[in-house]
Colleague: 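A single structure is presented below for examination.
One-based numbering, in listed order, for ligands and for the atoms of each. All of these numbers come straight from a predicted model, not from anything done at the bench.
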Amino acid sequence: MYDVIVVGGGNAALCAALSAREQAGRVLVLERAPQEESGGNSRFTAGLMRVAYRGVDELKQLIPDLSPQEIAGSDFGSYTEEQFLDDMARVTEYRCDPDLTEILVRRSLPTAAWMRAKGVRFTAAWGRQAFKVDGRFKFWGGLTAEAVGGGPGLVDSLTQIAGKAGIEIWYSARALSLLSDDDGVNGVRVRRSGKTLEVKSKAVVLAAGGFQANPEWRTRYLGPGWELAKVRGTRFNTGDGIRMALDAGAAAAGNWSGCHAVAWERNAPEFGDLAVGDQFQKHSYPWGVYLNAEGRRFVDEGADFRNYTYAKYGRVILQQPAQFAWQIFDAKVKHLLRDEYRIRQVTKVTAGSLEELVAKLDDVDQAQALRELKQYNAAVQQDIAFDPNVKDGRRTEGLAVPKSNWANTIDTPPFEAYAVTCGITFSFGGLKIDGEAQVMSSDGAPIPGLYAAGELVGGIFWFNYPGGSGLTNGAVFGRIAGASAARFSKR
Ligand SMILES: Cc1cc2nc3c(=O)[nH]c(=O)nc-3n(C[C@H](O)[C@H](O)[C@H](O)COP(=O)(O)OP(=O)(O)OC[C@H]3O[C@@H](n4cnc5c(N)ncnc54)[C@H](O)[C@@H]3O)c2cc1C
């Protein structure tokens with residue numbers, strides 16, 4: 001008999017297990033994946049975590065080893081709880097659950113500091129979230145801290161810490177269903193290396209991820225066409241945790257037809273590849289333009305900072321003819337392109353003139369593409385200065401699809417274009433929980449002994465999400481779920 005069983009082996013699950021172990025004796029983690037593929041989507045991340053902080057002193061709770069030179073050379077600014085709350089409200093179009101969102105925001109820094117105290121190391125995301133201005137790195141977009149070693153570093157570190165804390169982890173152990181009676185949930189049916197067994201526990205935490213790797217559920221809930229998307233991360237998040245809880249009477253919550261989806265290498269494999277990680281993503285579109293198969297722009301590439309648009313633009317690409325688009329840049333912005341543009345596995349063309357460029361764009365109406373680029377160039381308000389660090393207001397005038405910031409003309413060779421499609425990150429719909437991370441039943445009361453955290457919880461993210469909130473969400477509610485489950489196990 002275990003005190004707490006945690007289903008899942010990613011960030012939310014491992015944080016739940018560590019938190020449970022602070023109060024409970026026997027804690028078991030069930031990870032469906034074999035050890036070499038363990039860690040869920042969390043392993044695929046860059047390890048970026050969105051936390052509210054009021055300046056470098058608070059940031060030092062996570063990154064105590066910031067050197068005086070690093071501090072002098074960086075403008076970390078601040079990202080207040082109010083800004084984080086505003087960002088959540090704005091990007092979710094005011095649908096995010098207010099109570100859960102408040103917990104997410106207010107516990108973001110203390111939870112990351114708790115992880116640091118357990119032994120997870122963080123650094124500042126100089127490479128990804130800062131630009132050099134007058135010799136100093138200026139951070140932007142509220143996303144400053146990342147786990148050392150990115151997602152793999154985060155998962156490996158949490159796994160090691162869990163091992164040292166005496167937490168058992170079973171790999172290749174797929175939870176099949178919950179064991180329950182009139183008093184609530186009391187264990188899990190598991191298929192472990194080909195054998196089915198019933199494992200008893202006093203409480204269960206579900207942290208088994210969303211349903212994005214299940215093409216049938218994608219089509220059923222996200223809508224027709226979603227079976228055509230590529231999966232950015234793990235192949236193991238097929239909605240098992242959600243299904244098990246719904247079967248036990250849990251209430252569904254949140255944006256079941258919504259998901260996080262981004263621009264992703266057009267010829268990437270069906271699921272994520274750990275050797276490439278998140279590098280198939282192509283996030284520098286604010287510095288260029290998109291063209292679809294009809295040779296037309298279809299989205300405001302500069303509507304906001306990348307952090308606030310990238311998660312919803314994958315869907316827009318999926319809606320284009322043949323579900324793909326080209327991102328086009330000229331030499332003026334080449335130095336701004338993120339590292340992911342320099343990997344080997346890209347579908348890329350280069351050209352010395354716009355005419356040559358459009359001739360190389362596979363599957364595109366070339367004549368229209370050339371007209372579109374020229375029309376776009378003519379619409380750029382060149383008297384407004386370009387500044388990648390702020391929403392510079394350098395925009396187009398008079399186009400049906402405007403570009404609101406960072407509108408540079410595309411006129412300086414060599415030109416580059418990258419082919420992308422839609423890569424789904426995670427589904428937004430899931431289980432209803434309360435502030436103690438208890439899973440609520442469809443009759444309204446909590447299901448005794450059942451807790452949930454991470455991707456499979458619904459109600460927090462809708463339509464879109466502020467980058468770096470996924471790991472924070474898993475950590476904050478994982479920690480709460482683990483503590484609640486451990487308390488329940490002691491009743
Ligand atoms: C390429 C990529 C980059 C990303 N970058 C970032 C980033 O930088 N910052 C950020 O905050 N977020 C990022 N995200 C989102 C982030 O990965 C997720 O929000 C977060 O990791 C979810 O954590 P989780 O623990 O809930 O799920 P996961 O980490 O996916 O863990 C789910 C676990 O459940 C296991 N599982 C599934 N079914 C079962 C079952 N039946 N039995 C037992 N185990 C099961 C899986 O094997 C897995 O271990 C990124 C996602 C991807 C795909």
Colleague: Tell me which protein heavy atom sits closest to atom 35 (C) of ligand 1, plus the residue, atom name and distance to 0.1 Å.
Modeller: E31 OE1, 3.5 Å
Colleague: Could you tell me whether some N/O pair between L456 and ligand 1 is separated by less than 3.5 angstrom?
Modeller: no
Colleague: Taking the six-membered ring of F324 as reference, does the NZ or CZ atom of R266 fall below 6.0 Å from its centre and within a 45° cone about the axis?
Modeller: yes
Colleague: Return the set of residues passing ring pair (Phe, Tyr, Trp, His ring centres under 6.0 Å) with F329 (not counting sequence neighbours), or none when no residue passes.
Modeller: Y341
Colleague: Tell me whether ligand 1 is touched by Y465 - counting only heavy atoms on the residue side and a distance under 4.0 Å.
Modeller: yes
Colleague: Assess whether a salt bridge exists between K202 and D3, defined as any Lys/Arg side-chain N lying under 4.0 Å from an Asp/Glu carboxylate O.
Modeller: yes
Colleague: Side chains of T144 and Y53: is there a donor and an acceptor less than 3.5 Å apart?
Modeller: yes
Colleague: Nearest protein heavy-atom contact for atom 39 (C) of ligand 1: which residue, which atom, what distance?
Modeller: R32 CB, 3.6 Å
Colleague: Identify the protein heavy atom lying closest to atom 25 (O) of ligand 1, giving its residue, its atom name and the separation to 0.1 Å.
Modeller: A12 N, 2.9 Å
Colleague: Heavy atom under 4.0 Å from ligand 1: found in L471's side chain, backbone, both, or neither?
Modeller: both
Colleague: If the threshold is 4.0 Å, N to carboxylate O, is there a salt bridge linking R54 and E81?
Modeller: no
Colleague: Kindly state whether the ring of Y285 and the ring of W406 have centres lying under 6.0 angstrom apart.
Modeller: no
Colleague: Any luck finding a side-chain donor-acceptor pair between Q281 and R232 under 3.5 Å?
Modeller: yes
Colleague: For atom 30 (O) of ligand 1, which candidate among T238, N237, D240, N473 holds the nearest heavy atom?
Modeller: N237
Colleague: With sequence neighbours excluded, what pairs up with F461 under the ring pair (Phe, Tyr, Trp, His ring centres under 6.0 Å) test?
Modeller: Y465
Colleague: Out of all atoms in ligand 1, which are within 4.0 Å of some heavy atom of E455? Include the element for each.
Modeller: 18 (C), 19 (O), 22 (C), 26 (O), 30 (O)
Colleague: Under 4.0 Å from any heavy atom of T425, which atoms of ligand 1 are there?
Modeller: 50 (C), 51 (C), 52 (C), 53 (C)
Colleague: Would you mind checking which non-hydrogen protein atom is closest to atom 28 (P) of ligand 1, with the distance to 0.1 Å?
Modeller: N41 N, 3.4 Å
Colleague: To the nearest 0.1 Å, how far is atom 13 (C) of ligand 1 from its closest protein heavy atom, and which atom is that?
Modeller: T45 CG2, 3.4 Å
Colleague: Against heavy atoms of F44, which atoms of ligand 1 measure under 4.0 Å?
Modeller: 1 (C), 2 (C), 3 (C)
Colleague: In the protein, which heavy atom is nearest to atom 9 (N) of ligand 1, and how far is it?
Modeller: L48 O, 2.8 Å
Colleague: Of all the atoms in ligand 1, which lie at a distance below 4.0 Å from a heavy atom belonging to A207?
Modeller: 32 (C), 33 (C), 34 (O)
Colleague: Is it true that E22 and W114 share a donor-acceptor pair across their side chains at a distance under 3.5 Å?
Modeller: yes
Colleague: Below 4.5 Å, heavy atoms only, C-beta onward: do V51 and Y79 meet side chain to side chain?
Modeller: no
Colleague: At the 4.0 Å heavy-atom cut-off, does G39 count as touching ligand 1?
Modeller: yes
Colleague: Atom 21 (O) of ligand 1: which protein heavy atom is closest, and how many Å away?
Modeller: S42 OG, 2.9 Å
Colleague: Between F280 and W264, what is the ring plane arrangement, given parallel below 30°, perpendicular above 60°, and tilted in between?
Modeller: perpendicular
Colleague: Over 60° means perpendicular and under 30° means parallel, so classify the ring planes of H260 and Y310, tilted if in between.
Modeller: perpendicular
Colleague: Within the 4.0 Å heavy-atom shell around G233, which atoms of ligand 1 are there?
Modeller: 53 (C)
Colleague: Would you tell me whether E146 and T123 have side-chain atoms, one donor and one acceptor, within less than 3.5 Å of each other?
Modeller: no
Colleague: Please confirm whether R174 comes under 4.0 Å of ligand 1, counting heavy atoms of the residue only.
Modeller: yes
Colleague: For G40, counting its heavy atoms only, list the atoms of ligand 1 lying under 4.0 Å from any of them.
Modeller: 28 (P), 29 (O), 30 (O), 31 (O), 48 (C), 49 (O)
Colleague: Can you check whether F426 has an N/O within less than 3.5 Å of an N/O in ligand 1?
Modeller: no
Colleague: With heavy atoms under 4.0 Å as the rule, classify the contact between S469 and ligand 1 as side chain, backbone, both or neither.
Modeller: backbone
Colleague: Does E270 pair with R235 as a salt bridge, N-O distance under 4.0 Å?
Modeller: no
Colleague: Can you find a non-hydrogen atom of G474 under 4.0 Å from ligand 1?
Modeller: no
Colleague: Regarding R487 and E436, does a basic nitrogen lie under 4.0 Å from an acidic carboxylate oxygen?
Modeller: yes
Colleague: Starting from atom 42 (N) of ligand 1, find the nearest protein heavy-atom neighbour and note its residue, name and distance.
Modeller: A175 N, 2.9 Å
Colleague: Could a heavy atom of G47 be found less than 4.0 Å from some atom of ligand 1?
Modeller: yes
Colleague: Name the option, out of G454, G470, G10, that contains the heavy atom nearest to atom 31 (O) of ligand 1.
Modeller: G10
Colleague: Going by the order shown, which atoms of ligand 1 are within less than 4.0 Å of some heavy atom of A173?
Modeller: 42 (N), 43 (C)
Colleague: Hey, mind stepping through R116 and Q61 against side chain to side chain donor-acceptor pair (under 3.5 Å) and telling me if it holds?
Modeller: CA-CA 8 Å; R116 179 67 188 91; Q61 294 179 26; over 6 Å; no
Colleague: Would you mind running through ligand 1 and noting each atom that sits below 4.0 Å from a heavy atom of V7?
Modeller: 42 (N), 43 (C)
